[in-house]
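Written below as structure tokens is the structure these notes are about.
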Amino acid sequence: MNLANSPFLAACRGEKPERTPIWIMRQAGRYLPEYRKLREKVDFLTLTKTPELAAEATMQPIRRFGMDAAILFSDIMTPLEGMGIELEFAPGPIISRPIRRAEDVEKLHVADPEESIPFVMEAIRIVRREIPETPLIGFAGAPWTLFCYLVQGSGSKNFARARAFLMSEERAASSLLDILARTVASSLEAQARAGAQALMIFDSWAGLLDEGSYRRFCLPALSLLRSRLQKSGLPLIYFPYGGAHFLAAVAELGFDVVGLDWRSSLSRARAVLGPKPALQGNLDPAALFAPRKELIRRAKALLDEARDAGPHIFNLGHGIERDTEIAAVEALVETVHSYGTAGGHS
Ligand code: CP3
């Protein structure tokens, strides 16, 4: 198959593909026995920094389930070490010296990906060679989501310190978001040059912000990203987790694809976003733990709703949970592939 005609890339361009494509956020990970086997030998950071192993983890879910897109095995935190940040995983990201004052921001610099993360581009080149028929998604964290970890110092339920930094150090906060946007833009450009076919921006903590703060702090950084990456010619996917309350602002950014979490309604999102962007999502990851009949009923209901809501890429509404059963994922992929045709019911 010609890669450009793949259902995933067609949907990204806003066309109606012959059948609905599916991939799953966090599709490479600990619910896969073959991933756990890789992880027995090396820690997570080593895995992301060893191109052959990162490529192997990227391809595992493609081989097992025949997903319509691969996503590079890496992490949103990967480009930050090149900015002068010390990073560990336990299992989530830990920043040994969090950014707490304006002076801390002045010490940081925009990272050059070819210098600091060449292993990412090497992994992309390996995947392109090994599975040339499957589109590959390169990705990065959104500036605000990376800001959350850098200021808070680790994962958190509500990132109160990060939100407070926006209020108490407005200029330093904008400056940090700008450094992050430039670092992320360079990383995504390098991933595009290495052979990725689509680029995704994960804004996992966007939903913590009210619309005013989102517009004030996130829009400038995201529009910088968007205008730099437009030149790559690749489709851009933006996933504002928990961001249903500011989708009107997201609409102004003009991304090719908008990811939705499971609480959003596809048809309501369509009404706010207008006809252009493809929608990606948004089955509740918990549905994979429901009885098989209920899982399939929900997947079909989502496909039915999507049929009237323009171009659609099937996905979960957030990452797959680590104790998800393989057979449930198989049933889901099978359902989307057989039922999700442009022609309707089968
Ligand atoms: O398959 C894929 O989706 C590609 C690889 C990928 C990982 N992280 C691998 C990973 C992607 C796209 C990410 C994105 C990521 N990383 C996000 C955005 C998506 C989201 O979930 O909202 C965020 C917020 C992170 C930061 C991060 N990295 C956290 C919070 C954790 C720990 C959570 C967990 O699952 O335990 C990580 C570590 C991480 N990143 C793992 C994997 C497979 C687990 C590592 C391991 O112990 O093997």
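Both ligands and their constituent atoms are indexed starting at 1 by order of listing. All of these numbers come straight from a predicted model, not from anything done at the bench. Worth knowing before you read on, the calculation uses all heavy atoms, side chains too, and leaves out hydrogens, waters and symmetry mates.
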| Out of Ile137, Asp75, Ile71, Thr145, whose heavy atom is nearest to atom 28 (N) of ligand 1? | Asp75
| remark: So the atoms of ligand 1 within less than 4.0 Å of a heavy atom of Gly92 turn out to be 31 (C), 32 (C)
| task | Could you tell me whether Glu189 and Lys231 make a salt bridge, using a distance below 4.0 angstrom between a side-chain N and a carboxylate O? | result | no
| What is the closest protein heavy atom to atom 14 (C) of ligand 1, and at what distance does it sit? | Ile76 CG2, 3.7 Å
| Do the side chain of Arg19 and the main chain of Pro7 share a donor and acceptor less than 3.5 angstrom apart? | no
| remark: for atom 29 (C) of ligand 1, nearest protein heavy atom and its distance come out as Pro93 CD, 3.6 Å
| task | Quick one: do Thr20 and Arg307 satisfy side-chain hydrogen bond (donor to acceptor under 3.5 Å, both in side chains)? Show the steps, please. | result | CA-CA 9 Å; Thr20 305; Arg307 212 164 267 132; over 6 Å; no
| message | Check the orientation of Tyr35 and Phe73. Use parallel for under 30°, tilted for 30 to 60°, and perpendicular for over 60°. | response | tilted
| field | The single option from Tyr241, Tyr238, Tyr214, Trp144 passing side chain to side chain donor-acceptor pair (under 3.5 Å) against Asp203 | value | Tyr238
| request: Inspect the surroundings of CD in Glu88 and state if more than 12 heavy atoms from other residues, nucleotides or ligands are less than 6.0 Å away. | output: no
| Which of the atoms of ligand 1 are close to Arg39, meaning less than 4.0 Å from one of its heavy atoms? | 46 (C), 47 (O), 48 (O)
| request: Please identify which atoms of ligand 1 are closer than 4.0 Å to at least one heavy atom of Pro91. | output: 31 (C), 32 (C), 36 (O), 37 (C), 38 (C)
| Residue, atom name and distance, where the atom is the protein heavy atom closest to atom 39 (C) of ligand 1 | Phe44 CZ, 3.5 Å
| Per-atom contacts of ligand 1 with Ser204, taking only distances under 4.0 Å to non-hydrogen atoms | 18 (C), 19 (C), 20 (C), 22 (O), 24 (C)
| said: Just to be sure I read this right, does ligand 1 sit under 4.0 Å from the backbone of Leu72, its side chain, both, or neither, counting only heavy atoms? | reply: backbone
| request: Name the closest protein heavy atom to atom 24 (C) of ligand 1, giving the residue it belongs to and the distance to 0.1 Å. | output: Tyr149 OH, 3.4 Å
| query | Would you call the rings of Phe159 and Trp205 parallel, tilted or perpendicular if under 30° counts as parallel and over 60° as perpendicular? | reply | tilted
| field | Cluster overlap Leu180 with Leu224, hydrophobic side-chain contacts below 4.5 Å | value | no
| query | Given that the side chain starts at C-beta and the backbone is N, CA, C, O, which of these parts of Tyr35 lies under 4.0 Å from ligand 1, counting heavy atoms, or is it both or neither? | reply | side chain
| Quick one: does ligand 1 sit under 4.0 Å from the side chain of His318, the backbone, both or neither, non-hydrogen atoms only? | side chain
| When you look for heavy atoms under 4.0 Å from ligand 1, do you find them on the side chain of Met77, its backbone, both, or neither? | neither
| Closest non-hydrogen protein atom to atom 12 (C) of ligand 1, residue and atom name please, with distance? | Phe139 CZ, 3.4 Å
| query | Does any N or O in the side chain of Arg182 come within less than 3.5 Å of the main-chain N or O of Val110, such that one atom is a donor and the other an acceptor? | reply | no
| task | Heavy-atom distances under 4.0 Å are what count here, so tell me which part of Ser74 touches ligand 1: side chain, backbone, both or neither. | result | backbone
| field | Passing candidate, side chain to side chain donor-acceptor pair (under 3.5 Å) with Glu34, options Arg39, Arg64, Arg63, Gln60 | value | Arg64
| query | Considering only protein heavy atoms, which is closest to atom 33 (C) of ligand 1, and at what distance to one decimal place? | reply | Arg26 NH1, 4.0 Å
| Short question: side chain of Ser174, backbone of Arg171 - any donor-acceptor pair under 3.5 Å? | no
| said: With respect to Ile24, determine whether any N or O atom, backbone or side chain, lies less than 3.5 Å from an N or O atom of ligand 1. | reply: no
| task | May I ask whether Tyr241 has any heavy atom positioned less than 4.0 angstrom from an atom of ligand 1? | result | no
| query | Hey, are Glu325 and Arg292 close enough for a salt bridge, meaning a charged N less than 4.0 Å from a carboxylate O? | reply | yes
| note | Under 4.0 Å from one or more heavy atoms of Phe73, ligand 1 contributes atoms 43 (C)
| query | Do the side chain of Asp256 and the main chain of Leu236 share a donor and acceptor less than 3.5 angstrom apart? | reply | yes
| query | Can you tell me which residue and heavy atom of the protein come closest to atom 1 (O) of ligand 1, and the distance to 0.1 Å? | reply | Ala28 N, 3.0 Å
| message | Could you work out, for atom 34 (C) of ligand 1, the closest of Arg30, Gln27, Gln60, Arg322 by heavy-atom distance? | response | Arg30
